[in-house]
Amino acid sequence: MMSIAYDYSHDTPRDAVVLRKQLLIDGRHIESVSGRTFKTLNPATEEVIAVISEGNEADVERAVVAARRAFLGVWGNMRPAERGHILFRLAELMKQHGDELAELESRDAGKPISAVLRQDLPAAIDTLTYYAGWADKIHGDTVPTRGDALTYTVREPVGVVAVIVPWNFPLMIGMWKLAPALACGCTVVMKPAELTSLSALRIGELALEAGLPPGVLNIVPGPGRVVGDALVNHPGVDKVTFTGSPGVGRGILRGAAGNFKRVSLELGGKSANVIFDDADLDAATKAAAAGIFFNAGQVCSAGSRVLAHENVYDEVVERLTARAKALRMGDTADKITALGPVISEKQMKSILDYIDIGEREGASLVSGGERVGDRGYYISPAVFANVKHEMRISQEEIFGPVVSVIKFKDEADALRIANGTAFSLAAGVWSRDMGRVQRFAKKAKAGTVWINTYGYTDVRLPWGGAGDSGFGREHGTEALANFTEPKAVWMNLNV
């Protein structure tokens with residue numbers, strides 16, 4: 001078993017205070033109609049850190065009514081520039097409360113605090129600031145058609161948006177959806193993941209402090225099969241944006257068909273990170289390790305399949321194994337901790353089951369793949385060698401710190417393997433041959449291709465995939481299209 005330096009001296013006093021959180025509907029913090037609550041745990045310690053009101057269909061109804069009222073009223077009639085000012089104020093409040101937000105996210109999602117401070121929080125603030133600047137710049141075009149008419153287009157907010165957020169990056173992905181929706185003039189009912197609701201509820205409090213009118217942002221935590229289904233099926237919801245599993249995504253599409261509401265889905269991946277024999281192996285394996293072990297592998301674009309050319313295959317396996325063994329696990333409050341726990345006992349068991357499957361299929365478990373310690377949901381980072389493309393660990397999303405290293409012969413073989421899954425979210429390629437990497441980028445079935453790097457995202461670039469990775473794009477100007485409807489206006493000039 002992998003050695004681990006545990007120090008729970010930080011976790012115990014932080015978890016000693018159990019938070020009490022309510023729903024946020026129409027600008028008020030209220031109990032659920034049922035009065036039911038649920039507990040949320042710190043995955044690093046298994047201690048209860050909060051008791052949260054559990055929403056149901058009746059709470060969704062209240063939230064949608066409030067959102068519709070705000071859309072038709074104060075928010076829909078507010079000057080776009082003023083909407084932008086409110087979002088800028090919220091961004092400033094997030095900066096002022098950054099340490100608090102980071103600690104909430106770390107405890108709730110089991111993330112190392114250093115990762116939240118380095119990536120999640122700055123990315124969320126950057127996203128909010130970016131779309132705050134767009135609020136008064138969303139416009140249509142004048143289109144010349146004929147001399148006796150003035151014809152032009154406008155872009156109008158789509159209406160009430162259901163924002164359904166995953167548990168792996170609740171703060172960051174939540175803002176990916178919330179910021180453009182609000183900037184476009186929509187109102188929102190947000191359902192945070194049941195496992196990680198705390199940062200969303202705190203953002204809701206800060207939004208009210210920033211001046212967001214009641215009903216513009218409503219937050220209803222609770223089970224996906226109850227709150228999520230109620231939002232998807234509600235006729236008063238005009239748009240659903242969801243990040244999560246393909247299975248849930250298919251259910252959302254079926255539910256949304258009832259009133260033809262618009263849907264955008266980001267559903268995960270099984271991304272290939274391809275290393276040719278002329279690559280900088282030190283840089284490539286360093287990035288490959290980060291690409292799969294960051295956030296304990298619970299990343300939709302994780303490079304869970306490392307494809308290594310047969311000439312350097314053994315060296316790639318050796319280097320990845322060394323990096324996996326060197327990762328420091330333990331207290332998420334310690335800023336030198338690199339690898340935290342997975343989100344829950346259920347997820348831990350699922351990952352360990354996949355590790356058993358990989359061994360039964362004939363892959364070689366070179367390192368890791370065991371539960372570490374008896375407190376918290378820690379799994380030592382696993383490296384599989386001798387993985388065949390057809391194996392389940394190569395085809396199915398594990399969503400944990402597990403990498404499959406697959407051998408390939410040439411460009412065509414690498415491309416065949418890289419494109420040979422139902423997912424198409426992201427891919428990476430490493431080579432000094434610029435013609436080769438450009439050929440790969442052109443033919444790769446992926447919404448994002450990284451060349452001689454891996455894992456970077458920016459709110460200014462589109463993000464999404466196809467197939468089992470979903471459809472639609474977040475980020476950049478593409479996200480504005482998610483939350484607006486174009487309208488054509490034709491004015492007769494002969495009147």
Residues in ring-ring contact (aromatic ring centres under 6.0 Å, His included) contact with F293, at least two apart in sequence or another chain: none

Residues passing the salt bridge (Lys or Arg N to Asp or Glu O under 4.0 Å) test with E361, sequence neighbours excluded, are none

Please list all pairs meeting ring-ring contact (aromatic ring centres under 6.0 Å, His included) that have one or both residues in residues 311-347, counting only residues at least two apart or in different chains. none

About how many Å separate CD1 of I125 and CG of D120, when rounded to the nearest 0.5 Å? 11.0 Å

By ring-ring contact (aromatic ring centres under 6.0 Å, His included), which residues pair with F440, not counting sequence neighbours? none

For a 4.5 angstrom cut-off between non-hydrogen side-chain atoms, does M348 reach P341? no

Of V449, I451, V429, which is the lone residue that meets side-chain contact (heavy atoms from CB on, under 4.5 Å) with Q438? I451

So the ring-ring contact (aromatic ring centres under 6.0 Å, His included) pairs with at least one residue in residues 337-371 (sequence neighbours excluded) are none

Mind checking salt bridge (Lys or Arg N to Asp or Glu O under 4.0 Å) for K335 and listing every partner two or more places apart, or none if nothing turns up? none

With sequence neighbours left out, the residues meeting ring-ring contact (aromatic ring centres under 6.0 Å, His included) with F169 are none

In terms of ring plane angle, is the pair W450 and Y454 parallel, tilted or perpendicular, where the classes change at 30° and 60°? tilted

For residues 224-233, tabulate all N or O donor-acceptor pairs below 3.5 Å that involve a side-chain atom, not counting sequence neighbours.
| from | atom 1 | to | atom 2 | distance (Å) |
| --- | --- | --- | --- | --- |
| N233 | ND2 | D229 | O | 2.7 |

Quick one: does T448's side chain get under 4.5 Å of W463's, heavy atoms only? yes

Residues that K177 engages under salt bridge (Lys or Arg N to Asp or Glu O under 4.0 Å), provided they are two or more places apart: E474

In short, ring-ring contact (aromatic ring centres under 6.0 Å, His included) pairs touching residues 326-350 with sequence neighbours left out are none

Who pairs with K407 by salt bridge (Lys or Arg N to Asp or Glu O under 4.0 Å), at least two apart in sequence or on another chain? none

Using 0.5 Å steps for rounding, measure from the CG atom of N259 to the NZ atom of K261. 3.5 Å

By ring-ring contact (aromatic ring centres under 6.0 Å, His included), which residues pair with H309, not counting sequence neighbours? F408

